[in-house]
Amino acid sequence: MSENVVHLHKPTDPPTADTAPTVLTVVPDAPPARPVPLWVRSGRVVKSAATHETTRATVRAAARHGLYTFNGGRIVARRAWDGRTGSRYERMIRAAEAAGNLEAAEEWEERLQRFRAARHHRRMDLLHSPAEAAKGLAVGAGMSIGVLVALGVVMAISTGQVSDVVTPLSATVDFIALLIRIVQVVWGPALSIGPFLALLALWSVGRKQHAAPNWALPANVRSGEGEPITPSIVVKALRDLGVPALARAIKEMGDAGASMLGPITIAGCGVEVDVTLPSGVSTNEVQAKRRKLAENLTRHEHEVFITIPQAARTVRLWVADSGALDEPIGPSPLVTDDTMTADYKAGKAPWGQDLRGDAAALSLYQRHLLITGLSNQGKTVALRSLALWLSLDKSVQFLMGDLKGAGDWAMFDGLATTLIQGPTDEHVIQVTEMVEGAVDEMNRRLQAPPGTVFPPLIVLVDEAQVAFMCPAKDADKRPYGGSKANSRYFMAVRKIHNQGRAVNVLMWQGTQDPTNENLPKLVREGAHTRASLALGTESQARMALGDKAVDGGAAPNLLRPGLDRGTLVVASDGISIPAGQSSITVRTHYIDDDAATAITDRAKALRDGVTTLHAIDRSAEHDPLADIAAIVGDAPRVRTKDVLARLAARNADAYGGWSFLDLKRVLDDADAGPYKSDGVMVVSRDRVARALANRDGEGSASAE
């Protein structure tokens with residue numbers, strides 16, 4: 001017999017997967033969705049239909065064409081009223097008074113008086129015209145009948161038929177009857193079609209004038225892209241500029257507001273117009289609203305330039321075609337013309353194009369140069385393109401310091417007398433001593449006999465802000481950087497600015513992100529040609545170009561960093577600037593490194609050979625004969641004045657005060673004296689090499 005055991009305690013171990021009971025979960029059905037009311041569904045359908053793009057386009061088209069017709073009628077009525085009355089003259093008088101031009105107001109008043117006198121004369125003539133018209137009609141009819149009868153008599157005599165006397169008269173009567181029948185037939189349809197033709201004419205007038213609200217206009221017109229600049233658009237943009245006095249004056253002028261504008265002329269990739277502002281509105285009020293004015297003209301801010309011409313109370317607007325300034329300009333003539341040469345004194349460097357699309361060329365003759373801007377905006381390329389052009393004049397000498405050291409000026413190796421490349425304090429010291437050597441050469445030239453002609457010497461320092469910010473000091477505790485009276489680089493640049501121009505020793509500098517610390521005021525104001533790429537603030541623009549240029553409309557701070565790379569605002573008397581303006585905007589040509597190397601190769605071919613120094617020899621010991629051999633290089637012969645200049649650049653302390661007699665003494669002692677070739681005194685490479693070899697040979701023999 002089996003027994004069933006009943007456990008009275010609850011098991012604590014959880015059941016395993018095999019022994020766990022199966023749990024069934026019952027999910028109730030979702031309740032049925034509530035039906036959407038009919039009025040909601042109807043509303044959605046109506047809303048969808050009303051907001052559909054086809055519906056919107058249809059409504060816009062209907063409103064547009066209806067308003068074209070209505071406003072076209074208003075325009076035609078206004079034109080007719082202007083033609084019959086003196087309202088046009090009265091508007092012009094009000095416009096001239098609002099603009100403060102009393103002379104123009106008096107002139108328009110005189111025209112109004114003449115118009116009224118002529119109109120009165122015509123109306124008086126109408127009192128006598130009915131009788132004169134009736135008399136003229138009777139006389140004309142009688143003469144016509146007489147002519148016809150006379151013609152009939154001639155016909156009767158010719159044909160012998162008496163009845164032909166009335167033939168011309170009867171033919172005329174029949175022709176008049178035919179015309180009457182034609183009019184009777186056409187009159188009915190003409191009365192029916194005439195109103196539709198009139199409405200079509202009014203619609204055409206309204207369509208040409210875009211006489212409809214902006215929301216109803218077609219998309220291409222409403223967006224404004226490519227919209228031509230017309231007098232009405234310019235006046236409306238000025239009215240909505242937010243200058244109260246200007247808005248009131250334009251409202252008082254009414255339709256005569258366009259009298260403020262000069263002719264709208266095509267200028268390069270845009271248009272240009274002079275605006276004579278009304279009395280009580282200053283030019284700087286318009287300048288300060290450049291962005292709003294550009295948007296009112298459906299342009300971007302960088303596509304509108306405002307300058308101040310010579311005429312009083314006038315601003316000059318240059319408005320670019322939409323997107324035109326984002327298109328690149330063509331290659332430089334230096335790249336496309338392998339035969340181009342340069343003329344330092346009489347020529348101009350092909351730098352780029354101005355906003356009018358004309359070639360922008362810069363004269364470099366006896367002008368110190370400063371180019372500044374934010375980093376990576378094309379400063380080095382813009383500065384280098386000027387040096388590339390000038391290198392094609394074989395009389396020009398270069399002393400170059402690149403304080404970035406990225407190889408941007410490497411192609412001038414073998415062309416520049418000195419080329420220092422690097423960003424360290426040691427490189428700044430080398431560049432400073434190079435500039436000081438140029439000061440010694442300048443002093444030597446200044447002490448030369450009157451009338452002496454010197455070759456151009458360009459002292460070029462790129463990334464000059466590194467020199468001004470250098471903390472290094474020399475053995476006498478004089479700082480190389482800074483802007484104090486004992487700062488070596490600062491004082492050397494100042495000396496060249498003060499007197500170098502007279503003897504063709506010129507200072508060119510390129511700097512970044514100007515401040516009073518990295519570009520001292522006295523240095524930047526010493527440059528004759530000042531150019532700036534995109535900058536961050538107006539205060540920097542004033543540092544770069546000066547207060548006069550900025551007050552006259554120059555605004556490099558409004559250029560777009562990155563997008564307007566290579567675009568410069570230039571203040572200089574060496575470039576053609578429109579009359580009355582203080583600056584010009586130039587879009588420079590881009591010359592890459594390969595093209596620059598090809599140009600310098602052509603420049604080197606024009607010269608006899610230049611040995612480029614890559615460091616300044618600051619040692620006290622020097623060997624004049626060896627130094628002469630080094631600077632002559634591979635050239636068969638070099639002019640004595642060029643030898644003196646190169647020696648001074650190589651070691652200013654040793655050779656800065658040398659004259660031709662000093663050079664001749666050293667060479668004569670070595671039996672390598674200078675001689676005349678083609679009318680100029682030269683130093684022979686072979687003679688110097690032979691003298692140096694003989695001297696070294698004698699030294700070796702004596703040592704043995």
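All residue numbers refer to positions in the sequence shown, counting from 1.
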Side-chain donor or acceptor of [X] paired with backbone N/O of [Y] under 3.5 Å:
X    : Y    : result
R313 : V281 : no
R530 : A571 : no
D564 : R560 : yes
H589 : G330 : yes
N284 : Q287 : no

Identify whether NZ of Lys or CZ of Arg in R316 sits under 6.0 Å from the centre of the six-membered ring of F305 and within 45° of that ring's axis. no
Once you measure the plane-to-plane angle for Y344 and Y365, does it fall in the parallel (<30°), tilted (30-60°) or perpendicular (>60°) bin? perpendicular
Spatial distance of atom [atom1] ([X]) from atom [atom2] ([Y]) [nearest 0.5 Å]:
X    : Y    : atom1 : atom2 : answer
D513 : L374 : CG    : CG    : 5.5 Å
M260 : L238 : CE    : CG    : 5.0 Å
I229 : I266 : CD1   : CD1   : 12.5 Å
L179 : Q184 : CG    : CD    : 11.0 Å
T588 : R384 : OG1   : CZ    : 11.5 Å

Side chains of [Y] and [X]: any donor to acceptor distance under 3.5 Å?
X    : Y    : answer
T314 : D274 : no
E463 : Q465 : yes
N557 : R542 : no

Within the 4.5 Å heavy-atom criterion, are [X] and [Y] side-chain neighbours or not?
X    : Y    : value
M340 : W389 : yes
L362 : K348 : no
L533 : P556 : no

Whether over 12 other heavy atoms sit under 6.0 Å from [X] [atom1]:
X    : atom1 : answer
F115 : CZ    : yes
R119 : CZ    : yes
K236 : NZ    : no
E285 : CD    : yes
H65  : NE2   : yes

State, to 0.1 Å, how close [X] and [Y] come at their nearest heavy-atom pair, and which atoms those are.
X    : Y    : answer
L559 : T567 : CD1-O, 3.5 Å
V335 : A595 : CG2-CB, 4.0 Å
T230 : I264 : C-CD1, 3.8 Å

Member of R116, M124, R123 meeting the side chain to side chain contact (heavy atoms under 4.5 Å, CB included) criterion with H120: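 Output: one option passes, namely M124.
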Any salt bridge linking D408 with K379? Criterion: basic side-chain nitrogen under 4.0 Å from a carboxylate oxygen.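 Answer for the salt bridge query: no.
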Ion pair D393/K345, N-O distance below 4.0 Å: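 Salt bridge absent between D393 and K345.
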